[in-house]
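Note sheet for the following structure.
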Protein chains: 2
Amino acid sequence: MNPSRPPAKGSSREDILDAAETVFAARGFEGASMRAIAEAAKVAQALLHYHFKTKEGLFEAMFARRSGAINRIRLARLDVMLARGKISVEDIVEALLRPTIEAGHDPSRGGGRFASLILAVSTAGGDWQKGLVARHYDPMAERFIAALMGALPGLDRAHATWGYLFIVGAALTQMAPTGRADRLSAGEASDEDTDAMLAQAVIFASAGLRALATVPPGDR
Amino acid sequence: MNPSRPPAKGSSREDILDAAETVFAARGFEGASMRAIAEAAKVAQALLHYHFKTKEGLFEAMFARRSGAINRIRLARLDVMLARGKISVEDIVEALLRPTIEAGHDPSRGGGRFASLILAVSTAGGDWQKGLVARHYDPMAERFIAALMGALPGLDRAHATWGYLFIVGAALTQMAPTGRADRLSAGEASDEDTDAMLAQAVIFASAGLRALATVPPGDR
DNA sequence: GATGGTCCTGATCGTATGATCAGTGAAAGC
DNA sequence: GCTTTCACTGATCATACGATCAGGACCATC
């Protein structure tokens, strides 16, 4: 019954991570079951525990793999721009947002489902989930916040932080294809068209940042 | 053991909804158990099924109660402003965001935890959860989108929809007290200070909206 | 050709879950 | 005073969960 050739070495581990990504994104951490992931990966359930020990271990491995890939691209883009000298806010925002959208390594759909996962993790109450975000995203976030302050004189640390968080929140919530944009706009906007969404997000966020950078005398 | 006076009639039903709000917000839909909710409400677990039939029924009842209360306030504020004539974008954004923050009816903490819940529901993949958002939020959303278009000539339906969604996404993700703002800003911003956050959000969002309203000739 | 290691499986464990049901006590209606 | 209705409970059900375990297949190395 087993195919005579075992496939490329170590492939089942990646298969599990792929399946975990799909199932976790669709049903959340608690909603996803090890059985469903194993079935999606077409391996025995015990193999998940063999590779990742616990459900949390599997989740973190999957989370680290994908977020690491995205953040490497983000920082690479940022470094290229910084090396070139003067940067526009638009460039920074685009470097921050586009890699997440393009992160879908399955050809069919972009990284929208992973976006919901980040969102769920980053707004969750649990300490473990907070730790995940802190470990895997904070270092990258600090570099982008610094870059924003560099590009916009007048933007202090507090405002740059709020700006960064607003941008990520605004964009992340729109990456999952929920069909809500289509519904509310009577079809004139669509969350399937991630490129159009990103273009609007860049305009929206950049203007918002510039406004935060020019707070009048009495701010708070 | 039972107190001789049964408390104010129908109070245990509200107690259950209160407890459900707390537990669902802290652990998510799948992570929350009927047992934990019953314990928090200090009633027998079977009573939850007596009042709400299923776990989904309980969730929807709790969701409807809280979102209804928030949206009533939102729309009331909007109507007052519309009746007064000219409206600023800032007013609309504030009318949209502040009620959610102030929605905490427990004195200790604001509606931050409920914000995570909306977020989880609105980005979830399940059809049932999409339906929840559509039923309980879309009518209110459409009125605010229309108001935005009224206040900003040049803002068409598609852009107003994106703007609305960006605003809600940006603000909602910052309402849950995760401590992330404090961390990233080295203490100069805090997500405990929801008033400061809201002030920044209004500045950020209003500028973003104005930018979306003044898209040059070649848009997309 | 035995040994050891790695990848992988089927069967099974204890537990926690959502849901159901028969029944209790008290108020309301007649 | 009897019955009906309502709010509520403790006990229990079937199921699905995460995790574990003993072992099998394969492939090196000696």
Side-chain angles (χ1 to χ4, degrees), chain A residues 1-63 65 121 124 126 128-129 132, chain B residues 1-63 65 121 124 126 128-129 132:
Chain A
M1 178 139 304
N2 228 4
S4 47
R5 301 293 119 72
K9 171 220 160 207
S11 112
S12 82
R13 194 176 198 275
E14 294 294 307
D15 287 350
I16 292 172
L17 289 174
D18 289 345
E21 215 170 286
T22 304
V23 178
F24 275 132
R27 326 233 295 242
F29 178 76
E30 322 267 1
S33 75
M34 298 294 270
R35 279 166 173 79
I37 296 170
E39 190 178 357
K42 294 196 267 247
V43 298
Q45 187 203 337
L47 186 59
L48 313 201
H49 290 279
Y50 170 75
H51 278 306
F52 306 101
K53 201 68 190 164
T54 67
K55 190 183 182 183
E56 293 196 358
L58 170 58
F59 187 91
E60 173 143 16
M62 164 248 126
F63 194 79
R65 184 186 66 156
V121 170
W128 167 66
Q129 322 213 21
L132 270 189
Chain B
M1 179 138 307
N2 227 6
S4 46
R5 300 293 119 74
K9 172 219 160 206
S11 113
S12 83
R13 193 175 199 273
E14 295 294 306
D15 288 349
I16 292 173
L17 288 175
D18 290 345
E21 217 170 283
T22 304
V23 178
F24 276 132
R27 326 233 295 242
F29 178 77
E30 322 267 0
S33 77
M34 298 295 268
R35 279 167 174 77
I37 296 170
E39 191 177 357
K42 294 197 267 251
V43 298
Q45 187 205 336
L47 187 60
L48 313 201
H49 291 278
Y50 171 75
H51 278 305
F52 306 101
K53 201 67 190 165
T54 67
K55 190 184 183 183
E56 294 195 357
L58 170 57
F59 187 90
E60 173 143 17
M62 163 249 126
F63 193 79
R65 184 186 67 156
V121 170
W128 167 66
Q129 322 213 23
L132 271 188

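Note on naming: letters A, B, ... go to the chains in the order of the sequence lines (proteins, then strands), and numbering restarts at 1 for each one.
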| field | Verdict with supporting geometry, B:Leu58 and B:Phe24, side chain to side chain contact (heavy atoms under 4.5 Å, CB included) | value | CA-CA 10 Å; B:Leu58 170 57; B:Phe24 276 132; 4.2 Å; yes

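- Regarding A:Leu48, its CG atom lies at a distance of 13 Å from the P atom of D:dC17, rounded to whole Å.
- Rounded to an integer number of Å, the gap from CE of A:Met34 to P of D:dA19 is 6 Å.
- Under the 3.5 Å distance criterion, the side-chain polar atoms of A:Lys55 are matched with a main-chain donor or acceptor of A:Ala32.
- Here C:dT17 presents its C1' atom at 15 Å from CD of B:Glu39, a figure rounded to the nearest Å.
- Straight-line distance from the CZ atom of B:Arg13 to the P atom of D:dT9: 15 Å, rounded to whole Å.
- Residue A:Ala44 places its side chain closer to C:dT9 than to any other of C:dT9, D:dC8, D:dG18.
- Using a 4.0 Å heavy-atom distance criterion, B:Ala32 is classed as a sugar-phosphate-only contact.
- For A:Glu56, the CD atom is densely surrounded, since the number of other residues' heavy atoms within 6.0 Å is greater than 12.
- Taking for each of A:Ala46 and A:Arg35 the nucleotide of DNA chain D with the nearest heavy atom, the 5'-most of the two is the partner of A:Arg35.
- Within residues 49-62 of chain A, the residues approached by DNA chain C to less than 4.0 Å at the level of any non-hydrogen atom are A:Tyr50, A:His51, in residue-number order.
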| What's the verdict on side chain to side chain contact (heavy atoms under 4.5 Å, CB included) for A:Met34 and A:His49, showing C-alpha distance, side-chain angles and the deciding distance? | CA-CA 9 Å; A:Met34 298 294 270; A:His49 290 279; 3.8 Å; yes

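- Rounded to a whole Å, the CD atom of B:Gln45 is 13 Å from the P atom of D:dA11.
- Between B:Ser33 and the phosphate of C:dT17, there is a side-chain N or O to OP1/OP2 separation shorter than 4.0 Å.
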| Stepwise side chain to side chain contact (heavy atoms under 4.5 Å, CB included) check, A:Trp128 with A:Phe29 | CA-CA 12 Å; A:Trp128 167 66; A:Phe29 178 76; 3.9 Å; yes

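- Salt bridge annotation for A:Arg13-A:Asp18: absent, with no cationic side-chain nitrogen under 4.0 angstrom from a carboxylate oxygen.
- A donor-acceptor pair under 3.5 Å is formed between the side chain of B:Thr54 and the backbone N or O of B:Gly57.
- Distance, A:Leu47 CG to D:dC21 C1': 15 Å, rounded to whole Å.
- D:dA16 atom C1' lies 15 Å from atom CD1 of A:Ile37, rounded to whole Å.
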